[in-house]
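Proteins get letters first, then strands, A, B, ... in listed order; numbering begins at 1 in each. Just so you know, these numbers use all the heavy atoms, side chains as well, and skip hydrogens, waters and symmetry mates.
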2 protein chains.
Amino acid sequence: MADRLSPTSYVVLGTIALRGPSTSYDLKRAVGRSIGYFWHFPHAQLYSEPQRLVELGLLEAETEAEGRRRRTFRLTDAGLAELRAWLAEPTPEHFQMRDIAELKLFFNEVGETRDVVRLAREQVAAHRERIAVYEDMQARYADLDAVAKRMITLRLGLEMEHAALRFWSSLLEEVGPSAVRQVIPDAASGS
Amino acid sequence: MADRLSPTSYVVLGTIALRGPSTSYDLKRAVGRSIGYFWHFPHAQLYSEPQRLVELGLLEAETEAEGRRRRTFRLTDAGLAELRAWLAEPTPEHFQMRDIAELKLFFNEVGETRDVVRLAREQVAAHRERIAVYEDMQARYADLDAVAKRMITLRLGLEMEHAALRFWSSLLEEVGPSAVRQVIPDAASGS
DNA sequence: TCTCATACGGTCCGAAACAGACGGTATGCG
DNA sequence: CGCATACCGTCTGTTTCGGACCGTATGAGA
């Protein structure tokens, strides 16, 4: 079938499949509260992408009330078929992590030890916070059956966050003490 | 200082800082063997980006032997300063995972259970393979002191891969049996 | 009543990023 | 001699991306 479809296309198709007919604004919010956590989409795309999908016959647009230009998009049979075909087909690509912190760590030898310490501290805090957010979501929706199936990705997110947290914590423990030794003399210069 | 710098810029600066003066081709190979594993860069950028950095005064180009248009780039003082400043400054952005598999999982209810099973199997295999590659690298370079500091990111990569592997494995265990039950009747239709 | 802030709802555009086709040159090897 | 395989790099047309910008409701407080 059409192979001009990007991940973004499937995000749109999938979200509409799960939530029923939606406007672009609905998509924007839905994505913001779910997929947006691990994959960033500029919202402009959620306005242009549905248009394309209409042209491809995968969505139908239903313009309501001329006054406010709001279009509700619903899945066509072709759209649903396309989505299901995608779900059924093998997934070749390996995941990509775009992690500025990892980049900095890679180049750490160019900088100072204290930069690594600071970086690690930041990351520990950031991942802890993220974990708190995820656990909160998990707790809030735990009983709702409708979202139960989507929760599964949350678990993956949590696993990844915990792994990262473990890494940065242990790095901090390894490098922290020596960094303290390195920094203290500046402050308590006496020695 | 200049804030028109993208992650790619820092990859170039950082790589040159670590390896010494390099041509674009050198960068391409170096990136391919390291950062490329977790962050994809189209190689064309490793030809255009250094140009920009020269214009910004962060790199110096040294054209050698007119015949073959090969340019070796070396870090200027400004370039090194910029890189170190970047390493020292806080890192606001949270990491992004672009994982098609996670996307598919998120929309799994639209598809069949067996799609999830297949997906999980694929992912288990893929992550295992990735882990093998990483461990191989780790073993090969374990003794070389020069790369020892870079190895640290490998550990992070491994942590992440292991976390993902754990997730997909346990998912497979949970959903696998019922999927088998779901599929068997088709084959052994009797019941 | 004014006016200020905040959510709602959306368009637009220039600048990067991106994929990948394309072009050529050494080098070796059967 | 012919072919394959690294090596080395350019170019081009799309997409993606951020984010500025533009309005309209709505309610809350001065």
Inset, instruction - Would you kindly give the CD-to-C1' distance between A:E49 and C:dG10, to the nearest whole Å? - result: 17 Å
Inset, instruction - Measure from the side-chain heavy atoms of B:R52 and tell me the nearest of C:dG10, D:dC8, C:dA16. - result: C:dA16
Mind listing the side-chain donor-acceptor pairs of residues 27-40 of chain A below 3.5 Å, one per line with the distance, residues two or more places apart or on another chain?
residue, atom, partner, partner atom, Å
A:R29, NH2, A:D26, OD1, 3.1
A:S34, OG, A:A30, O, 2.7

With the criterion being N/O to N/O and under 3.5 Å, what pairs connect the protein with nucleotides 18-21 of chain D, and how long is each?
residue, atom, partner, partner atom, Å
D:dG18, OP2, A:H40, NE2, 2.6

Legend entry - Value in whole Å for how far the C1' atom of C:dT11 lies from CD of A:Q51: 11 Å
Inset, instruction - Report which part of the nucleic acid B:S24 touches: base, sugar-phosphate, or nothing (heavy-atom distance under 4.0 Å, all strands). - result: nothing
Legend entry - Residue-phosphate contact under 4.0 Å: A:S6 side-chain N/O, D:dT16 OP1/OP2: yes
Legend entry - Rounded interatomic separation in angstrom, taking CZ from A:R71 and P from C:dG10: 10 Å
Legend entry - Whole-Å gap separating C1' (D:dC11) and OH (B:Y47): 13 Å
Legend entry - NZ/NE/NH1/NH2 to OD/OE distance under 4.0 Å, B:E49 and B:R52: yes
Inset, instruction - Would you indicate what B:S48 reaches in the nucleic acid, counting non-hydrogen atoms under 4.0 angstrom: base, sugar-phosphate, or nothing? - result: nothing
Inset, instruction - With rounding to the nearest 0.5 Å, note down the distance linking CZ in A:R128 to OG in A:S169. - result: 5.5 Å
Inset, instruction - Choose from C:dA16, C:dA17, D:dT16 the nucleotide whose nearest atom is closest to any side-chain atom of A:Q45. - result: D:dT16
Inset, instruction - Would you check if the side chain of B:K104 reaches a backbone N or O of B:D99 as a donor-acceptor pair within less than 3.5 Å? - result: no
Inset, instruction - Treating a pair as Watson-Crick (purine N1 to pyrimidine N3 plus N6-O4 or O6-N4) or G-U wobble (N1-O2 and O6-N3) with both distances under 3.5 Å, list the stems of 3 or more consecutive pairs that involve DNA chain C. - result: C:1-30 with D:1-30
Legend entry - Nearest-angstrom distance from the residue atom CG of A:L46 to C1' of C:dG10: 12 Å
Inset, instruction - Calculate the interatomic distance between A:E93 atom CD and C:dC18 atom C1'; express it in whole Å. - result: 14 Å
Legend entry - Any donor-acceptor N or O pair under 3.5 Å, side chains A:Q51, A:R71: yes
Legend entry - Distance-only side-chain donor-acceptor flag, A:H94 / B:E161, under 3.5 Å: yes
Inset, instruction - Give a yes/no on whether any side-chain N or O of A:T23 is located under 4.0 angstrom from OP1 or OP2 of C:dG9. - result: no
Inset, instruction - Take the protein atom OH of B:Y25 and the nucleotide atom C1' of C:dG24, then report the distance between them rounded to whole Å. - result: 14 Å
Inset, instruction - Could you tell me if the ring centre of A:H127 sits under 6.0 Å from that of B:F95? - result: yes
Inset, instruction - State whether B:R155 and A:E174 are salt-bridged, where the test is any N-O pair (Lys NZ or Arg NE/NH1/NH2 against Asp/Glu carboxylate O) under 4.0 Å. - result: yes
Legend entry - Residues A:E93, B:R98: salt bridge by 4.0 Å N-O rule: no
